[in-house]
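A short write-up of the structure that comes next.
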Amino acid sequence: MISDIYKEFMLEQKFRNNTGKTIEWYQDNLEKFFIWLDTDNPANLSLENFKQYGVYLHDNVIKHNGDKLSDSSVQGCLRAVKAFYNYAIEQQYIDDFSRKLKLPKVHHREQQILDDEEIETLFSCFGNSETDTRNKCFIAYMLDCGLRRGELTKINIGDVDIKNKTTIIKGKGGKQRFVPMGSMSSSLLSEYIKLYRSSAGLTSPLFIDNNGERCSDNLIKQLFKRLKDRSGIKRLHPHLLRHTFATYYIADGGDLETLRLILGHANIQTTQRYLHMAFNLKLQKSRHTSHIDKLYKM
C-alpha cells in the first residue's frame, strides 16, 4: 500500500536527521499528491501519473491571491514527489524508471530589483519605537546580507559579532555560514541590542515579538504586507530584498563564489542568475553609446 511506503519514507527522513521544516515540507507536498492520486495502490505510482500531476499543478492549482503556481513552486512540489518515487524504486516497491523522472523547467521571470529611491523609501517607513527598530534591522539584514525570511527568526544573540560585522546564519538543512554586514546594518543591530536585548543570554533569540517570544515567519509576512501599502512598492516581498542584495553585490564588483557562500547556495549554478541581473542593472545605469547619434550629431 502507498500509505505503508509513505510511513517508511517519513521514518527514513527522521532517521537521516532532516530538519523539522524539511519533514513538514515532505508531509505537506506528499499529502496533496496522495489526495490528487486518490488511490492506495502502488501500481498507480507511474511515470504518467507523475507527469499528469505536474500538469495539474501548473494548470489547475490557484493560490489565495488568485494567481496560478509559479514554475518554481510546481517544481518544488514535484521534487518532493520525485524523492518519494525514488524511495519506492530503491525499495523495489515499483519498477525502476528513475532515469525518466525529470522535473519541469523553470522559466525565471526578470526580477525588477529595488532601486536606490525605493530602498530609501523602505527605511523611511520606520520610526524609533522598539518594534520599528527591530523591523528596520530585518530590512537591513535582507538588503545588506541577502538573508532569507526564515533565517532571520533563527538568529540568536550569540550569533551576532558587532565588532567584526558578521553573523552566523542557520540556513537550509541546518547548515551554518558566516555572513558579513556593512556599517549601517551593524550600527542598527548594535542600537537594537543595546536598547532592547542587552540583558538577553547568548542563546536567546535576537528578535522577539510583543510577547517576548522568538519572532515567527508569519510576523515577517505580516510586516511586508503592511510595508507594501505604506511604501507604495506593490511588488515588494521578502525575497525581492535578497535578489536586490545579490544583484548589487555582483554589479559593485563582488565575485560569484563569495556570493554563493554568502547566500548559502549549494551550487554555483543557482547563483549564476545574478550575473545576468547585474549585467542588466549596469546596462540600465550606463549611457548608451549610439553610433547613429554620432553619425547624425545628435
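All values below were derived from every heavy atom in this structure, side-chain atoms included, with hydrogens, water molecules and symmetry-related copies excluded.
At least one donor-acceptor pair under 3.5 Å links the side chain of N29 to the backbone N or O of W25. N156 contributes no side-chain N or O that, together with a main-chain N or O of G158, makes up a donor-acceptor pair within less than 3.5 Å. Remark: the backbone N or O of M181 is not paired with any side-chain donor or acceptor of S185 at under 3.5 angstrom. Side-chain atoms of R177 come within 3.5 Å of backbone N or O of I262 as a donor-acceptor pair. Under a 3.5 Å cut-off, the side chain of N164 and the backbone N or O of T166 do not form any donor-acceptor pair. In terms of modelled atom types and a separation under 3.5 Å, the side chain of S204 and the main chain of A200 share no donor-acceptor contact. For S190 (side chain) and S186 (main-chain N/O), no donor-acceptor pair under 3.5 Å exists by modelled atom type.
Side-chain contact between F126 and T133 is absent, with no heavy atoms from C-beta onward closer than 4.5 Å. Here the side chains of L147 and R242 are not in contact, with every heavy-atom distance at 4.5 Å or above. Side-chain atoms of T22 and Q13, non-hydrogen and from C-beta on, never get closer than 4.5 Å to each other. For the pair L259 and F245, the minimum side-chain heavy-atom distance is below 4.5 Å. Annotation: side chain of D159 is not in contact with side chain of L202 (no heavy-atom distance under 4.5 Å).
Y26 pairs by the ring pair (Phe, Tyr, Trp, His ring centres under 6.0 Å) definition with F9, not counting sequence neighbours. Shown here are the salt bridge (charged side-chain N to carboxylate O under 4.0 Å, His left out) partners of R16, two or more places apart in sequence or in another chain: E12. Taking L195 as the reference, E191 meet the side chain to side chain contact (heavy atoms under 4.5 Å, CB included) condition, with sequence neighbours excluded. Remark: K102 engages no residue in a salt bridge (charged side-chain N to carboxylate O under 4.0 Å, His left out) (not counting sequence neighbours). For I208, the side chain to side chain contact (heavy atoms under 4.5 Å, CB included) criterion is met by Y192, R197, P205, not counting sequence neighbours. Contacts of K165 classified as side-chain hydrogen bond (donor to acceptor under 3.5 Å, both in side chains), with partners at least two apart in sequence or in another chain: S183. Here R260 pairs with E257 under the salt bridge (charged side-chain N to carboxylate O under 4.0 Å, His left out) rule; sequence neighbours left out. Take D229 and apply the side-chain hydrogen bond (donor to acceptor under 3.5 Å, both in side chains) test, not counting sequence neighbours, and it matches no residue. Scanning for salt bridge (charged side-chain N to carboxylate O under 4.0 Å, His left out) contacts around R235 gives E118, with sequence neighbours left out. The side-chain hydrogen bond (donor to acceptor under 3.5 Å, both in side chains) test applied to R148 returns E151, not counting sequence neighbours.
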- Pair D28-K32, salt bridge (Lys or Arg N to Asp or Glu O under 4.0 Å): steps then yes or no: CA-CA 6 Å; D28 183 51; K32 289 175 182 175; 3.4 Å; yes
- side chain to side chain donor-acceptor pair (under 3.5 Å) evaluation trace for D96 with S98: CA-CA 6 Å; D96 188 353; S98 53; 2.8 Å; yes
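Ring geometry for F33 versus Y53: interplanar angle over 60°, hence perpendicular rather than tilted (30 to 60°). The aromatic rings of H243 and H239 stand perpendicular to each other, their planes meeting at an angle above 60°, with 30° marking the opposite boundary.
For the pair L240 and L236, the tightest heavy-atom approach, listed with the atom from each and the gap, is CD2-CA, 4.1 Å. Between I139 and F224, the closest heavy-atom pair is CD1-CZ, 3.8 Å.
Considering CG of N135 and CG of L122, their distance stands at 11.5 Å, rounded to 0.5 Å. Between the CG atom of L206 and the CG atom of L152 there is a distance of 9.0 Å, given to the nearest 0.5 Å. Atoms CG and NZ, from D161 and K163 in turn, are 8.0 Å apart once rounded to the nearest 0.5 Å. Rounding to the nearest 0.5 angstrom, the gap separating the OG atom in S231 from the CG atom in L114 is 8.5 Å. Expressed to the nearest 0.5 Å, how far OG of S129 lies from OH of Y196 amounts to 6.5 Å. Interatomic distance, CZ of R149 versus NE2 of H237, reported as 11.0 Å (0.5 Å rounding).
No salt bridge links D209 with R134; every basic N to acidic carboxylate O contact stays at or beyond 4.0 Å.
M184 and F207 fall within a single hydrophobic cluster, where Ile, Leu, Val, Met, Phe, Trp and Tyr are joined by side-chain heavy atoms under 4.5 Å apart, directly or via other members.
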Could you give the side-chain donor-acceptor pairs of residues 74-89 under 3.5 Å, partners two or more places apart or in another chain?
unit_1	atom_1	unit_2	atom_2	d
Q75	OE1	R79	NH2	2.9
Q75	NE2	P104	O	3.0
K82	NZ	L101	O	3.2
Y85	OH	S46	N	3.3
Y85	OH	S46	O	2.9
N86	ND2	K82	O	3.4
Y87	OH	E8	OE1	3.3

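Judged as a salt bridge (Lys or Arg N to Asp or Glu O under 4.0 Å), not a single pair has a partner in residues 40-62 (not counting sequence neighbours).
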